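A quick write-up on the structure given underneath.
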Amino acid sequence: MKKTLILLLPLLALAGCSSSSTWGWYVINPMTASGWVNVKFLISGMGDTILISVIAAVISIALGLVVALPGLAKSRGWRMVNRVYVELVRSIPLLPMLFWVFYGLPIIFREMGMNVPIDPFWGAIITLALSDSAFTAEIYRAGIQSIAKGQTEAAQTIGLNYLQTMRYVILPQAIRRILPPLANQFIYIVKMSAFASVIGMQELTRRANELVVSEYRPLEIYTLLILEYLVLVLIISAGVRWLERRMGSDERG
Amino acid sequence: MPGNPQPDPALAIELAGVNKWYGTFHVLKDISLTVRAGEKVVICGPSGSGKSTVVRCINRLEEHQKGIIRVDGTELTNDPQSVAAIRSEVGMVFQQFNLFPHLTVLENLTLGPIKARGMSKAEAEAKAMHYLERVHIPDQARKRPGQLSGGQQQRVAIARSLCMEPKVLLFDEPTSALDPEMISEVLDVMAELAVDGMTMVVVTHEMGFARKVADQMVFMDAGEIVEQGPPEEFFGSPRSPRCQKFLSQILQH
């Protein structure tokens, strides 16, 4: 009982304060003209947040598989390649990697005589995809290793080569075990995309920061920001559950 | 004989002085065995005697470290082309069936012909139905392996091997994972194949089947071939004490 009360306390505080001067909901009140302009401004970052996250996730899902496969090889050399990549990339915090990609990588390209400008959009995507790929690689490896060895052997005895075995036998079975953790990673990417605000990407968090500077109502604006991420993540979760159900029924049918 | 440089065209399988180690454990000791085209060889022996390993070496699911293995005149080496060539001649039936659970029975049978042989879907399905009839379950074609009984699954696995039209079929304890009442339906199918002239190497404890079908019996213990000969001699007057003991144990019930 006591515990429940303590948990409820912050909520009560929020509700109780709503009428007092601590809260200035007018700043994002869609009923007023200026509030509506502000809300539209905040939500306008949604497109870039989604775009960055989706592209980064797609790259990470592809890159993760490429990194995972040598980790499953018989040869120690190949497995080493996988280990070094995973351990190295996994250990770099997102923000330093973002700075390195955005500010550092163009210099390397210049030194190599190539003119590859990295804008905030692609800087964010490259960083998110790279950083996430170490985790997706581990997810693939675990998922593929969970499929019984007899499946690979049977595929070999009917003449399938390595890639065909992966494509037609192993991955379709592993995907059911890979999908839920991959979805978690997608949620992680969506949240980490907030860091892109630091290099000037006009996504959700950047919009919120900009509005806070002009309106100076951090509590209300950041509350809405959090709710925006919450909605995004809830939609992804629902999508994943739908996908899992569909695949589950596939297996039974 | 070991070191014979000229492959005999009548020989389907030739093993000469084959040795294999797991680390320091010597699993196969100087295994020499020849199987003529159309011949049926039954290998028996206590568990851990290396009989499965012999069969798995013939299509490179396990690697031998010393000696020569030839299938249909082609020597099995580390060259991927030699491995692929030999696997295309050799079918394998596993103890655990190793059917692909995410595919229908028909898809299990057509995957190899379509992907590895480049056969058209219609042609592969016609062939699959032909072999499903041969193992007496054409009516199960649209089901998934999980919906079939163990005996039916193993017959599907046999049909899957036959779809690749191998010159040799290897059976690795094909009835050991089956409930007793399903053993005979699988053995019957195997006996029919034998009558049709298929070259077969069968690892099994089913001595009734062996008596009926085998041209050559092989008894293995502790990694070596202890006794070898036609079934009448083998069952009638086994020479080695180890083989006598094994047969008396296994024929008691």
Side-chain angles (χ1 to χ4, degrees), chain A residues 61 65 68-70 72-79 139-182 240 242-253, chain B residues 52 55-56 58-63 80-81 83-104 107-119 124 128 142-147 156-157 159-166 168-172 177:
Chain A
I61 284 169
L65 183 58
L69 291 181
L72 297 156
K74 269 193 201 139
S75 107
R76 280 185 72 143
W78 282 116
R79 289 209 306 272
I139 291 169
Y140 276 115
R141 195 168 62 87
I144 291 170
Q145 277 173 339
S146 74
I147 302 301
K149 204 169 149 238
Q151 291 289 310
T152 307
E153 292 180 349
Q156 286 173 341
T157 59
I158 58 164
L160 299 189
N161 63 32
Y162 176 74
L163 286 178
Q164 288 170 331
T165 302
M166 278 293 158
R167 162 77 183 76
Y168 299 110
V169 176
I170 305 300
L171 286 177
Q173 297 183 62
I175 197 76
R176 287 188 187 89
R177 300 171 202 198
I178 289 171
L179 198 73
L182 271 192
V240 171
W242 175 80
L243 209 60
E244 277 176 37
R245 259 203 314 278
R246 226 192 65 159
M247 298 192 127
S249 68
D250 213 40
E251 189 166 31
R252 281 192 300 274
Chain B
S52 285
V55 166
R56 291 165 58 84
I58 295 173
N59 64 353
R60 243 322 138 92
L61 293 180
E62 308 268 357
E63 211 171 305
Q81 278 190 337
V83 176
I86 283 177
R87 281 185 183 155
S88 75
E89 306 285 3
V90 179
M92 174 118 178
V93 176
F94 299 88
Q95 182 177 354
Q96 301 293 342
F97 330 136
N98 295 350
L99 293 174
F100 308 130
H102 60 299
L103 301 178
T104 64
E107 288 165 341
N108 264 276
L109 268 61
T110 56
L111 184 63
I114 293 175
K115 300 302 174 193
R117 293 275 162 86
M119 199 178 277
R142 304 282 162 191
K143 289 193 184 163
R144 292 197 188 239
Q147 298 169 286
V156 170
R160 180 175 67 180
S161 303
L162 291 174
C163 278
M164 299 306 288
E165 316 219 297
V168 176
L169 257 188
L170 309 174
F171 295 82
D172 186 4

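Treat the numbers as computed from the prediction; the structure is a model and nothing was measured. By convention in this document, chain letters (A, B, ...) are assigned in the order of the sequence lines, proteins followed by strands, and residues within each chain are numbered from 1.
A distance of 8.0 Å separates CD1 of A/I178 from CD1 of A/I147, quoted to the nearest 0.5 Å. Distance CG/B/N108 to NZ/B/K143: 14.5 Å, rounded to 0.5 Å. Considering CG of A/L160 and OG1 of A/T152, their distance stands at 10.5 Å, rounded to 0.5 Å. The line from CD of B/Q96 to CD of A/E153 is 11.5 Å long, rounded to the nearest 0.5 Å.
Heavy atoms closer than 4.5 Å to chain B are found in both the backbone and the side chain of A/A155. Neither the backbone nor the side chain of B/L170 comes within contact range of chain A; no heavy atoms are under 4.5 Å apart. The part of B/F94 that comes within reach of chain A is its side chain, from C-beta onward, which places non-hydrogen atoms under 4.5 angstrom from that chain.
Of the residues considered (B/R117, B/K115, B/R160), B/K115 shows the highest number of contacts with chain A, using heavy-atom pairs under 4.5 Å. Options B/H102, B/R60, B/M164, B/M92 differ in how many heavy-atom pairs under 4.5 Å they form with chain A, and the most are formed by B/H102.
Between the side chain of A/Y140 and the backbone N or O of A/A174 there is no donor-acceptor pair closer than 3.5 Å. No donor-acceptor distance shorter than 3.5 angstrom exists from the side chain of A/R141 to the backbone of A/L69, with no hydrogens or angles considered. In terms of modelled atom types and a separation under 3.5 Å, the side chain of A/Q151 and the main chain of B/L99 share a donor-acceptor contact.
Within residues 161-171 of chain A, the residues having any heavy atom less than 4.5 Å from a heavy atom of chain B are, in residue-number order, A/Q164, A/Y168, A/V169.
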Apply side chain to side chain contact (heavy atoms under 4.5 Å, CB included) to residues A/Q145 and A/L72 and explain how you reach the verdict.
CA-CA 8 Å; A/Q145 277 173 339; A/L72 297 156; 3.4 Å; yes
